[in-house]
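Chain identifiers are assigned alphabetically (A, B, ...) following the order of the sequence lines, protein sequences preceding nucleic acid strands; residue numbering begins at 1 within each chain. Remember, predicted model here, so these are calculated numbers, not experimental data.
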Amino acid sequence: GAVVSQHPSWVICKSGTSVKIECRSLDFQATTMFWYRQFPKQSLMLMATSNEGSKATYEQGVEKDKFLINHASLTLSTLTVTSAHPEDSSFYICSARENREAGQETQYFGPGTRLLVL
Amino acid sequence: GDSVTQMEGPVTLSEEAFLTINCTYTATGYPSLFWYVQYPGEGLQLLLKATKADDKGSNKGFEATYRKETTSFHLEKGSVQVSDSAVYFCALRHQAGTALIFGKGTTLSVSS
């Protein structure tokens with residue numbers, strides 16, 4: 001099946017630094033990718049929808065200047081957590097939508113990136 | 001707004017036991033319903049799905065039936081294995097191309 005990778009899988013950084021997380025679709029093109037955030041024992045919460053070649057659409061309550069999303073190619077979307085603070089520590093997961101005929105599209109998830117801000 | 005509620009875990013079972021993980025949803029219209037599974041250290045994988053009322057999704061011995069009248073999509077398996085130990089997420093999606101709305105996940109632990 002289709003594979004989505006995320007890099008890095010783990011990152012520890014100091015408060016105030018910026019962290020970039022990459023999401024790649026390895027064997028298919030994805031015009032749409034989604035970024036989720038998961039807190040311990042909580043559900044995945046959608047942060048933003050990333051469309052190739054256009055600005056991301058952010059969910060209510062998600063700061064677009066804090067979480068910068070770039071979807072520059074059909075196989076790569078990046079999430080940059082700017083000026084990270086301890087409350088940004090979380091598990092970030094991306095998914096990529098494989099384009100197929102109507103009704104057959106499938107979303108594939110990356111393995112997630114765990115961010116710890118000290 | 002739309003939401004998904006699934007039973008609290010963890011669920012602890014012995015091998016070959018019967019499994020039920022309850023999932024109910026709140027949504028307008030006719031969403032598609034999904035079960036995803038997350039094995040330790042791995043990303044979410046689609047387990048099964050149903051796109052309309054009374055559809056039954058099935059995969060790897062797991063089944064779930066889309067019940068419009070009870071707004072439910074309970075996951076069942078007749079005989080669980082140790083390898084089924086994972087976190088299971090129920091989710092819905094309103095239309096193709098949009099993001100999924102997830103429940104909180106239920107951890108299943110199966111012992112031999």
J.: Quick check for you: to the nearest 0.5 Å, what is the distance between A/S9 atom OG and A/F91 atom CZ?
T.: 9.0 Å

J.: Sort A/Q38 into side chain, backbone, both or neither according to what part of it lies under 4.5 angstrom from a heavy atom of chain B.
T.: side chain

J.: Testing A/T32, A/I69, A/T31 one by one against A/S50 for a side-chain contact (heavy atoms from CB on, under 4.5 Å), which residue passes?
T.: A/I69

J.: Could you tell me which portion of B/Q38 (side chain, backbone, both or neither) has an atom closer than 4.5 angstrom to a non-hydrogen atom of chain A?
T.: side chain

J.: From A/C23 SG over to A/H71 NE2, what is the distance, rounded to the nearest 0.5 angstrom?
T.: 8.0 Å

J.: What orientation do B/Y66 and B/F73 show, parallel under 30°, tilted 30 to 60°, or perpendicular over 60°?
T.: perpendicular

J.: Go through the atoms of B/Y36 and report whether side chain, backbone, both or neither lie under 4.5 Å from a heavy atom of chain A.
T.: side chain

J.: Could you give the distance from OG (A/S43) to CD1 (B/I101), rounded to the nearest 0.5 Å?
T.: 9.5 Å

J.: Select one option (side chain, backbone, both, neither) describing which atoms of A/I93 are under 4.5 Å from chain B's heavy atoms.
T.: side chain

J.: Could you tell me which residues in residues 102-112 of chain B have at least one non-hydrogen atom under 4.5 Å from a non-hydrogen atom of chain A, sorted by residue number?
T.: B/F102, B/G103, B/K104

J.: Using non-hydrogen atoms and a 4.5 Å limit, figure out which bit of A/Y36 sits close to chain B: side chain, backbone, both or neither.
T.: side chain

J.: Quick check: does any side chain N or O of A/T113 sit under 3.5 Å from a backbone N or O of A/P8, one acting as donor and the other as acceptor?
T.: yes

J.: Quick check against the 3.5 Å criterion: does A/K66 have a side-chain atom that pairs as donor or acceptor with the backbone of A/T82?
T.: yes

J.: Any idea which heavy atoms bring B/L75 and B/L48 closest together, and the distance?
T.: CD1-CD2, 3.9 Å

J.: Starting at CZ of B/F62, measure out to CD1 of B/I21 and round the result to the nearest 0.5 Å.
T.: 7.5 Å

J.: Tell me, for B/L100 versus chain A, whether the close heavy atoms (under 4.5 Å) come from the side chain, the backbone, both or neither.
T.: both

